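Note sheet for the following structure.
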Amino acid sequence: MDRRLFLASTLCAGLLPDTAWAAKTDTPLKKLAADKGVRYGTSTGTHALFGDPGYAAIVAQQAGMLVSEYQGKRAQLQPAPDRYDFAALDSIVAYAQRHGMAMRGHTLCWYSTNPPWLDAQMKSDLALPAKQKLLTDFVSTVAGRYRGRIAEWDVVNEPIEPGDGWPLGMRTRNNIWAVLTERYIDMAFHTARAADPSAALFLNEYGIEAATPWNERKRHALLLLLGRLKQRGVPIDGLGIQAHLRPYKDKFDQQVFATFLKQVTDMGLRISITEMDFSDRGGSNDPQQRDIDMAAAATAFLDVALDNPATRTVMSWGVTDRYSWLTSRFASDPWPKGGVARALPYDVNLKPKPLRTAIAQAFIDAAPRPRWRRGAA
Ligand code: XIL
């Protein structure tokens, strides 16, 4: 265990005083990351970006990369078979360009958040080639439109679900699998590569970070899938690790996670942390303590993630607790005292939290790395 891993485990055990989390640097997170050859950024949406100046100021200051939280999903982009609506995503991409930020694209192929017409057509008696075209036309239209402007595409999102019962752990209970089986992944990647040869292409997954039996099953299935994709020559550049972490619920083990990252990068793949947030559900009722616990969890997680030189991107899923999907996501199980999720680096008043300090320190402690060729946009 190196010095940083040791430090992280010490912090997890709560052995350091609260003052360890006082902000040590105002340097923007994007700068701390870029100094090490890493990109830091956040997901965003037009409502907040163009309607909340305080929020937009933090984004402009801290983020070197943006990803659209929902306006790049197919239900938004293609409301009808013959109608695309790029207005919202265009405005985010243009904003990123104006501010010298890179873009991640999210997502070209996902079993969820598709327009109802697509599911209907996938279930219809259309011929197989026509159904394949429903996938490839979308991928080539969207990746082609933003060609040269998206550094990293989430080509396929969340393809693993051992709970679906398929022997190899693939997510099978959806229309795209029902029609195309695993070939849909190959087709999406090949089509994306042809449409935008400069973008780095990612498979993005969640539930693969923690030391739980369920995460272990997902990691196992995912490694098998990545091996098959490499063997078939599918043009995949990296694994996106969503990192929706739940520190009070799921045990995190640095060695387990480090081993997994090594297995992935030994295949020649790079790593992006794509949707990082820290759910403070459960645990202490004291918000300040929760903030410290989430920061300690971030230190433990990021120190391992950044120890691997193939980790080039770290994205938070939002930058302030003012806008976190977690607050509204589980309405049946609200945060204590009707509060909000405290999952992100800035609080609802846009003040930096211990979590921000932890992220900053992880970048400061990271070893520098050179840039990758593909995905420079
Ligand atoms: C979530 C968004 O945050 C929500 O605003 C939206 O309503 C649903 O999707 N994994 C993903 C993201 O890949 O696209 C999800 O984003 C969060 C989980």
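Keep in mind it's a predicted model, so treat the numbers as computed, not measured. Both counts, for ligands and for their atoms, begin at 1 and track the order of listing.
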(request) Ignoring hydrogens and angles, state whether a donor on the side chain of Y323 or T44 is under 3.5 Å from an acceptor on the partner side chain. (result) no
(request) With heavy atoms of W110 as the reference, note each atom of ligand 1 found under 4.0 Å away. (result) 14 (O)
(request) State whether Y206 and K218 meet the cation-pi test: NZ (Lys) or CZ (Arg) under 6.0 Å from the six-membered ring centroid, and within 45° of the perpendicular axis. (result) yes
(message) Using modelled atom types and a 3.5 Å cut-off, is there a donor and acceptor pairing between side-chain atoms of K36 and backbone atoms of A366?
(response) yes
(message) Please check: side-chain N/O of E205 versus main-chain N/O of I160, any donor-acceptor pairing under 3.5 Å?
(response) yes
(request) Could you tell me whether the side chain of N204 and the main chain of D154 form a donor-acceptor pair under 3.5 Å? (result) no
(request) Could you tell me whether the side chain of T42 and the main chain of G318 form a donor-acceptor pair under 3.5 Å? (result) yes
(message) Need the ligand 1 atom indices (1-based, order shown) with element for anything under 4.0 Å from a heavy-atom of E158.
(response) 10 (N), 11 (C), 13 (O)
(message) Students should be able to answer this: which protein heavy-atom is nearest to atom 6 (C) of ligand 1, and at what distance?
(response) K73 NZ, 4.1 Å
(request) Could you please spell out the steps behind the side chain to side chain contact (heavy atoms under 4.5 Å, CB included) verdict for R104 and M315? (result) CA-CA 9 Å; R104 294 196 91 253; M315 303 292 286; 3.6 Å; yes
(message) For W166, I'd like to know if atom CH2 has over 12 heavy atoms of other residues, nucleotides or ligands within 6.0 Å.
(response) no
(request) Give the numbers and elements of all ligand 1 atoms closer than 4.0 Å to a heavy atom of W317. (result) 2 (C), 3 (O), 12 (C), 14 (O), 16 (O), 17 (C)
(message) Please list the nearest protein heavy atom to atom 2 (C) of ligand 1 with its residue and the distance rounded to 0.1 Å.
(response) E69 OE2, 3.5 Å
(request) Answer with yes or no whether Y206 contacts ligand 1, where contact means a heavy atom under 4.0 Å from a ligand atom. (result) no
(message) Checking contacts now, so for atom 9 (O) of ligand 1, which I'm interested in, is there any protein heavy atom under 4.0 Å?
(response) yes
(message) Which residue and atom name correspond to the protein heavy atom nearest atom 12 (C) of ligand 1, and how close is it?
(response) E275 OE1, 3.4 Å
(message) Geometry only, no angles: is H106 polar-contacting ligand 1 at N/O separations under 3.5 Å?
(response) yes
(message) I'd like to know whether ligand 1 has R329 as a neighbour, heavy-atom separation below 4.0 Å.
(response) no
(message) At under 4.0 Å between heavy atoms, is it the side chain or the backbone of T107 that contacts ligand 1, or both, or neither?
(response) neither
(request) For Y70, take its heavy atoms, then give the atoms of ligand 1 lying under 4.0 Å from any of them. (result) 5 (O)
(request) Please confirm whether the backbone N or O of R74 pairs with a side-chain atom of N114, one donor and one acceptor, at under 3.5 Å? (result) no
(message) I'd like to check whether N204 has a polar contact with ligand 1, where a contact means an N/O of the residue lying under 3.5 Å from an N/O of the ligand.
(response) no
